[in-house]
Amino acid sequence: MMSTVIEPAESIRSTDGDSVYENRTEDEHDRARLTGDSPHEAVDECRPPLNSASGVWAKMDLIVLPVVTMMFFLSSLDRSNIGNARVAGFQEQLGLTDEQFSFALTITIIPYTVVNFPTNALQKLIGPRLLLPSMVVLWGTVCAFQGLLRDYPGLLACRFFLGLFEGGLLPGIVLYLSSFYPKRKLQLRISMLFSATSLASAFSGLLAAAIVRMDGVGGKPGWAWLFILEGAFTVLFGFAAFFLLPNAPTSAPFFTEAEKSLIRRALHDDGIILVGEEDKDYTWTEFWRAFVQPHVILIALSGFFNGATVSGLAYFLPSIVAGLGYAGTEAQLMSVPPFAVTAVLSIVSSYLADHYARRGLTIIFFSTIAGIGLSIFLGSYVDVVRYGSLFLLVPGSYCIAPPLGAWMSNNTAPTLRRATALALLSTMSNLGSIVSAWILGALSAPPRYTVATVVLLAFQLGIFGCATGNVLWLSAENRRREKQRGQAGAEVHGVEAAAPRNDSIWYTYVL
């Protein structure tokens with residue numbers, strides 16, 4: 001039988017024997033008091049002054065973000081540098097057909113789609129400090145071995161193991177960050193992470209233009225040195241990350257005990273369980289429940305549509321630019337500006353999305369921008385105009401990924417359900433990558449890429465529809481839960497002291 005207990009710390013707890021759900025406030029002033037967003041609220045005696053809270057999170061940024069951002073930067077660089085190698089003669093020198101090249105990309109993505117779930121579960125068991133750097137070292141080694149390739153079977157083997165070792169990185173990092181930051185501070189950090197993808201795509205063009213000049217050094221072609229040097233640097237950074245990456249926010253160096261107390265309370269008040277803490281909800285039941293949540297399904301579908309677009313641009317933008325009248329090194333360099341614009345827009349839009357707690361509107365806006373870019377690319381026959389459309393298409397596509405990850409993390413609890421949902425999002429994105437590997441690699445003739453453009457345009461409409469539907473569903477759920485809380489006969493005042501499930505009436509979804 002359901003009973004309601006009024007807690008002395010202004011919280012409301014409903015118990016039904018097996019589960020405990022505590023209230024999730026809709027008062028942003030209460031949330032700000034606990035997460036350090038407002039300097040005007042009172043504090044208790046065991047916490048540092050609130051005017052130091054912003055300094056705590058800034059210090060956290062300096063400790064955590066550079067390491068995970070560099071990891072993801074190298075991941076993006078090592079996964080997509082095959083596109084730069086293709087422009088540098090990689091495909092011709094290995095004698096690959098377009099179909100074989102597309103199949104090699106597909107082989108990379110297949111392990112990506114299946115490794116996400118076990119790696120997220122493994123991260124809970126052995127800790128991120130051991131798992132994430134190990135993945136970096138392993139895929140960096142495989143990337144370097146691509147510089148020694150002589151035939152197609154060797155390429156397939158390398159691309160398979162590259163996907164196997166690298167595939168769990170993104171959901172692992174997002175899960176990692178979601179245990180370090182409160183909800184209202186998460187998307188900006190994820191956007192900084194994803195800006196590494198944009199910067200990697202921009203930097204890869206600059207780096208490739210420089211490295212391919214080593215053509216003939218040591219009897220190796222320029223594209224071989226591209227793989228070897230980038231892979232070797234990844235391995236070195238992976239070993240350094242074993243010492244740089246903290247396992248949990250409270251084990252990070254340079255924090256005082258008072259600051260650790262503030263961090264721990266802010267995360268607990270947001271329903272976040274830290275690494276190393278007991279999680280009674282880490283069960284198979286919670287794993288399977290992630291797959292039947294309506295918002296999880298809609299965000300995962302959006303991830304599929306967006307994954308096809310982002311992956312296609314990462315692999316094929318140098319080739320697309322080459323079809324617009326540029327060649328060789330010039331094509332590498334002209335692929336840089338759209339990604340540079342993307343990095344800036346991603347951070348700015350995510351700051352606003354965090355400030356106003358609006359993930360869905362961000363996704364709707366950028367899917368519209370990407371759709372306009374694709375429409376111009378499809379409808380124009382002028383190379384300069386089509387190149388200009390990339391400044392809409394690339395930012396529009398890449399700026400969707402951070403709010404997708406933050407939206408999924410913000411609205412899914414407890415920890416195992418969140419880990420599963422993030423893994424599902426990554427898996428669906430990688431399935432989209434398989435589509436782009438074929439529609440851009442073998443099924444659409446350059447320089448028009450008509451079939452690919454039409455398909456990707458339809459995918460932007462799919463993202464728009466899923467995001468709109470999700471906002472409407474989450475809004476309806478919040479209204480329904482607010483009504484149920486009112487019927488419970490008690491007013492919600494504080495933030496719960498224990499992590500609830502996201503299907504609790506005390507859990508308020510982020511829109």
| said: Between Leu155 and Phe90, is the side chain to side chain contact (heavy atoms under 4.5 Å, CB included) condition met? List the steps. | reply: CA-CA 11 Å; Leu155 172 63; Phe90 166 78; 3.7 Å; yes

| Student check: side-chain heavy atoms of Asn411 and Arg418 closer than 4.5 Å | no

| task | Could you tell me whether Glu92 and Arg86 have a side-chain N and a carboxylate O separated by less than 4.0 Å? | result | no

| In Å, rounded to the nearest 0.5 Å, how long is the span from SG of Cys399 to CZ of Phe365? | 9.0 Å

| Hey, does Leu361 have a side-chain heavy atom less than 4.5 Å from the side chain of Val471? | no

| message | The test is side chain to side chain contact (heavy atoms under 4.5 Å, CB included); show your working for Val114 and Ile110 and say whether it passes. | response | CA-CA 7 Å; Val114 298; Ile110 290 175; 5.6 Å; no

| query | Which distance, rounded to the nearest 0.5 Å, do you find between the CG of Leu392 and the OG1 of Thr368? | reply | 11.5 Å

| said: Before we go on, tell me: are the rings of Tyr398 and Phe366 under 6.0 Å apart, centre to centre? | reply: no

| query | Looking only at heavy atoms, what is the nearest atom pair of Ser397 and Val310, with distance? | reply | O-CG2, 3.7 Å

| request: Mind jotting down which residue pairs meet the ring-ring contact (aromatic ring centres under 6.0 Å, His included) criterion with at least one end in residues 132-159? Sequence neighbours excluded, please. | output: none

| Short question: side chain of Asp354, backbone of Gln187 - any donor-acceptor pair under 3.5 Å? | yes

| query | Does any non-hydrogen side-chain atom of Leu267 lie less than 4.5 Å from one of Ser179? | reply | no

| Name the one of Leu105, Leu440, Ile320 that satisfies side chain to side chain contact (heavy atoms under 4.5 Å, CB included) with Tyr315? | Leu105

| field | Thr412 side, atom OG1; Leu422 side, atom CG - distance, nearest 0.5 Å | value | 7.0 Å

| note | Between Pro402 and Ser350, the two heavy atoms sitting closest are CB-OG, 3.9 Å

| request: Would you mind reporting whether Pro128 and Asn247 have side-chain heavy atoms less than 4.5 Å apart? | output: yes

| message | Could you check whether any side-chain heavy atom of Val56 comes within less than 4.5 Å of a side-chain heavy atom of Lys59, counting everything from C-beta outward? | response | no

| said: Heavy-atom count check: over 12 atoms from other residues, nucleotides or ligands less than 6.0 Å from Arg213 CZ? | reply: no

| remark: Between Ala419 and Leu175 the two heavy atoms that sit nearest each other are CB-CD2, 3.8 Å

| query | Does CZ belonging to Phe291 count more than 12 external heavy atoms closer than 6.0 Å? | reply | yes

| message | For the residue pair Thr309 / Gln460, report whether a side-chain donor-acceptor contact shorter than 3.5 Å exists. | response | yes

| Can a cation-pi geometry be assigned to Arg129 and Phe243, taking NZ or CZ under 6.0 Å from the six-membered ring centre and within 45° of the ring axis? | no

| task | Establish, from distance only, whether the side-chain atoms of Asp98 and Gln91 form a donor-acceptor pair under 3.5 Å. | result | yes

| query | Does atom CZ of Phe161 have more than 12 heavy-atom neighbours, drawn from other residues, nucleotides or ligands, at distances under 6.0 Å? | reply | no

| said: I'd like to check Ser367 versus Phe459 (side-chain heavy atoms, cut-off strictly below 4.5 Å). Are they in contact? | reply: no

| Contacts of type ring-ring contact (aromatic ring centres under 6.0 Å, His included), residue Phe377, not counting sequence neighbours | none

| query | Could Asp61 and Arg189 be called an ion pair, given the rule that one side-chain N must be under 4.0 Å from one carboxylate O? | reply | yes

| query | After noting the C-alpha distance and the side-chain angles of Tyr181 and Met60, does the key distance pass the side chain to side chain contact (heavy atoms under 4.5 Å, CB included) rule? | reply | CA-CA 9 Å; Tyr181 293 96; Met60 183 78 80; 3.5 Å; yes

| query | Is it true that a side-chain atom of Thr250 and a backbone atom of Lys260 form a donor plus acceptor pair closer than 3.5 Å? | reply | no

| field | Heavy-atom closest pair, residues Val136 and Gly238 | value | CG1-CA, 3.5 Å

| query | Once you round to the nearest 0.5 Å, how far does CG of Leu245 lie from CE of Met71? | reply | 5.0 Å

| Just checking, is any N or O donor in the side chain of Tyr112 or Arg79 under 3.5 Å from an acceptor N or O on the other one? | yes

| Do Lys220 and Asp215 come close enough that some side-chain heavy atom pair is under 4.5 Å? | no

| Enclosure of Phe304 CZ (heavy-atom neighbours >12, cutoff 6.0 Å) | yes

| In terms of ring plane angle, is the pair Phe391 and Tyr387 parallel, tilted or perpendicular, where the classes change at 30° and 60°? | perpendicular

| remark: Between Asn116 and Pro171 the two heavy atoms that sit nearest each other are OD1-CG, 3.4 Å

| note | All heavy atoms of Gly323 vs all of Pro447, minimum pair found to be O-CB, 3.2 Å

| query | Any sub-3.5 Å donor-acceptor pair from Ser251's side-chain atoms to Ala248's backbone N or O? | reply | yes

| Min side-chain heavy-atom separation Val137-Phe242 under 4.5 Å | yes

| Sidechain-backbone polar pair: Ser80 side chain, Ser76 backbone, donor-acceptor under 3.5 Å | yes

| Asn120 side, atom CG; Ser426 side, atom OG - distance, nearest 0.5 Å | 8.5 Å

| Do any pairs count as a side chain to side chain donor-acceptor pair (under 3.5 Å) and have a residue in residues 222-244, sequence neighbours left out, and if so which ones? | Asp78-Thr234, Asn81-Glu230, Gln93-Trp223

| field | Test item: Arg417 side-chain N/O and Trp288 main-chain N/O as donor-acceptor pair under 3.5 Å | value | no

| message | Please determine whether side chain to side chain contact (heavy atoms under 4.5 Å, CB included) holds for the pair Leu186 and Ser178, giving the CA-CA distance in whole Å, both sets of side-chain angles, and the decisive distance to 0.1 Å. | response | CA-CA 7 Å; Leu186 184 60; Ser178 69; 4.3 Å; yes

| note | Rounding to 0.5 Å, atoms CD1 (Ile400) and OG (Ser346) come to a distance of 11.0 Å

| field | N/O donor-acceptor pair under 3.5 Å between Ser409 side chain and Gly405 backbone | value | no

